[in-house]
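See structure below.
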Amino acid sequence: MKKYQNFEARDFIQDESFRHWVRDPAGSQALFWQEYLMMHPEQEYVIRQARLFLEEIYAHYAEPVPQAEVQLELEKLRERVAVQPVRRLRAFTWVRWAAVLLILAGLGWWSWPEKPATPEPASLHWALKTNPGKEPVTVLLPDGSVVTLEKNSRLWYPVQFPKDKRAVQLYGDAFFDITKNPNHPFVVYTSELSTKVLGTSFWIYARPQTQKTVVQVRSGRVGVRVRTSTAVPTILNPQEQLTYDKRLDRLDKITLVKKRAVFREQTFDNAPVPRVLAELQRQFGVKINYNAEQLRNCSINTTFKEENLQERLSAICQAIGATYQVKGGQVFIQSDGCTP
């Protein structure tokens, strides 16, 4: 088994599994490397350097690079070393870039195999939720937290959170409504930021192609940190927004004037509970299991506005004396029915 814990940037650059992940962040290697980053935050800086280098290479070469092109690239780098001031670089100096290029050219890793390498077995079982449609979809996490996943977005999360941490990985945009647990903070990782909370609700916009990551807080407080930084996290309160610009390596914090609506308003006037649950299932895209015959005499009068799925389910269950559980991403209603 590879000892990634002892790897330096050059070692990661030479690793086939790592290279495939950088080239295809949502591909077959994604689950392993996202979990590895969560389990080994002390290596974030080194991994970041390797990613930056590979991203620069992939940005210029979509196909395997011939040796002649390697030599040409080296000559360009030497010229840039002579004319570029060092202060413009955030990570490696051009001398180091050239040194790494020379080493890699000698190792002949410029051609990638057609099939991805098999990574180390992961210690957690991960689930992947994607939203290819136009409407948001709801994801129920094992701890009861609710994620509203926007279109063209992906969320990786453990099938069961370990005892010591709650962490997920997001590509795209999502709204998080986190179940409070002071002993186990919740962390959302994107490609550039880590957002740590105890129990709160917030938006994250993290589409890699935009070069910007945005965090907006709706309730509670969150701490946001650039993943390669050792600085104290930036604290956000309700109605505050933090934007990280990858190109400028800059954080901008502002106060929002208008609150963005998260959920659609629903009004039920003496409505049968089975119909109400069917409407919730349709709107949130989550399977709700119940015994329609037992609930046929149950009805409610209510209006939902900013409440999330759990809050709406709790209100319905309280009104009719029922309970519910979340298992495997589905909701199960338990009820003895209502008196006619």
Would you say CZ of R221 has more than 12 non-hydrogen atoms from neighbouring residues, nucleotides or ligands within 6.0 angstrom?
no
Any side-chain heavy-atom pair from V188 and L193 closer than 4.5 angstrom?
no
Heavy-atom side-chain proximity of L140 to V146 below 4.5 angstrom
yes
Contact summary for P238 and G220, nearest pair of heavy atoms:
CD-O, 3.1 Å
Check the pair I320 / I300 against side chain to side chain contact (heavy atoms under 4.5 Å, CB included), numbers first and verdict last.
CA-CA 8 Å; I320 65 174; I300 62 170; 4.1 Å; yes
Hydrogens and angles aside, do N270 and S299 bring a side-chain donor and acceptor to less than 3.5 Å of each other?
yes
Donor-acceptor contact present, side-chain Q281 to main-chain I288, <3.5 Å
yes
Rounded to the nearest 0.5 Å, what's the gap from OG1 on T179 to CZ on F186? Could you check?
8.5 Å
Atom pair CZ (F268) and OG1 (T303), whose distance is rounded to the nearest 0.5 Å
9.0 Å
Nearest 0.5 Å, what's the CD-CD distance between E265 and E307?
9.5 Å
For a 4.5 angstrom cut-off between non-hydrogen side-chain atoms, does V224 reach V222?
yes
Flag side-chain contact, heavy atom, 4.5 Å: T195 against F176
no
Using distance alone, with no hydrogens and no angle criterion, decide if D249 and Y244 have a side-chain donor and acceptor under 3.5 Å apart.
yes
Could you check whether any side-chain heavy atom of L155 comes within less than 4.5 Å of a side-chain heavy atom of L141, counting everything from C-beta outward?
yes
Go through the steps to decide whether D177 and Q310 satisfy the test side chain to side chain contact (heavy atoms under 4.5 Å, CB included), and finish with yes or no.
CA-CA 10 Å; D177 203 330; Q310 284 190 312; over 6 Å; no
Atom pairs and distances, donor-acceptor, side-chain atoms in residues 328-340, under 3.5 Å, two or more places apart:
unit_1, atom_1, unit_2, atom_2, d
Q330, OE1, N289, ND2, 3.0
Q334, OE1, T323, OG1, 3.2
Q334, NE2, F332, O, 3.1
S335, OG, G337, N, 2.9

My understanding is that only residues two or more places apart in sequence, or in another chain, count here; which of them pass salt bridge (Lys or Arg N to Asp or Glu O under 4.0 Å) with E240?
K253
Using the six-membered ring wherever Trp is involved, compare the ring planes of F12 and Y4 and label them parallel, tilted or perpendicular (cut-offs 30° and 60°).
parallel
Distance-only, no hydrogens or angles: does the Q294 side chain make a donor-acceptor pair with backbone N or O of A292 under 3.5 Å?
no
Does a side-chain heavy-atom distance below 4.5 Å link Y205 with T190?
no
Find the distance between CG (L280) and CZ (R282) and round it off to the nearest 0.5 Å.
9.5 Å
With no hydrogens and no angle check, is any side-chain donor or acceptor of N131 less than 3.5 Å from a backbone partner on E150?
yes
Just by distance, do the side chain of R312 and the backbone of K305 share a donor-acceptor pair under 3.5 Å?
yes
Would you please say whether a donor-acceptor pair under 3.5 Å links the side chains of Q283 and Q266?
yes
Apply the test side chain to side chain contact (heavy atoms under 4.5 Å, CB included) to residues V273 and L277: give CA-CA distance (whole Å), side-chain angles for both, the deciding distance (0.1 Å), then the verdict.
CA-CA 6 Å; V273 168; L277 295 176; 3.9 Å; yes
Partners meeting side chain to side chain donor-acceptor pair (under 3.5 Å) with D143 (sequence neighbours left out):
S145, R166
Side chain to side chain contact (heavy atoms under 4.5 Å, CB included) evaluation trace for I204 with Y189
CA-CA 10 Å; I204 294 183; Y189 290 99; over 6 Å; no
Using side-chain heavy atoms (C-beta onward) and a distance below 4.5 Å, is F304 in contact with E311?
no
S194 side chain vs R227 backbone, donor-acceptor pair below 3.5 Å:
no
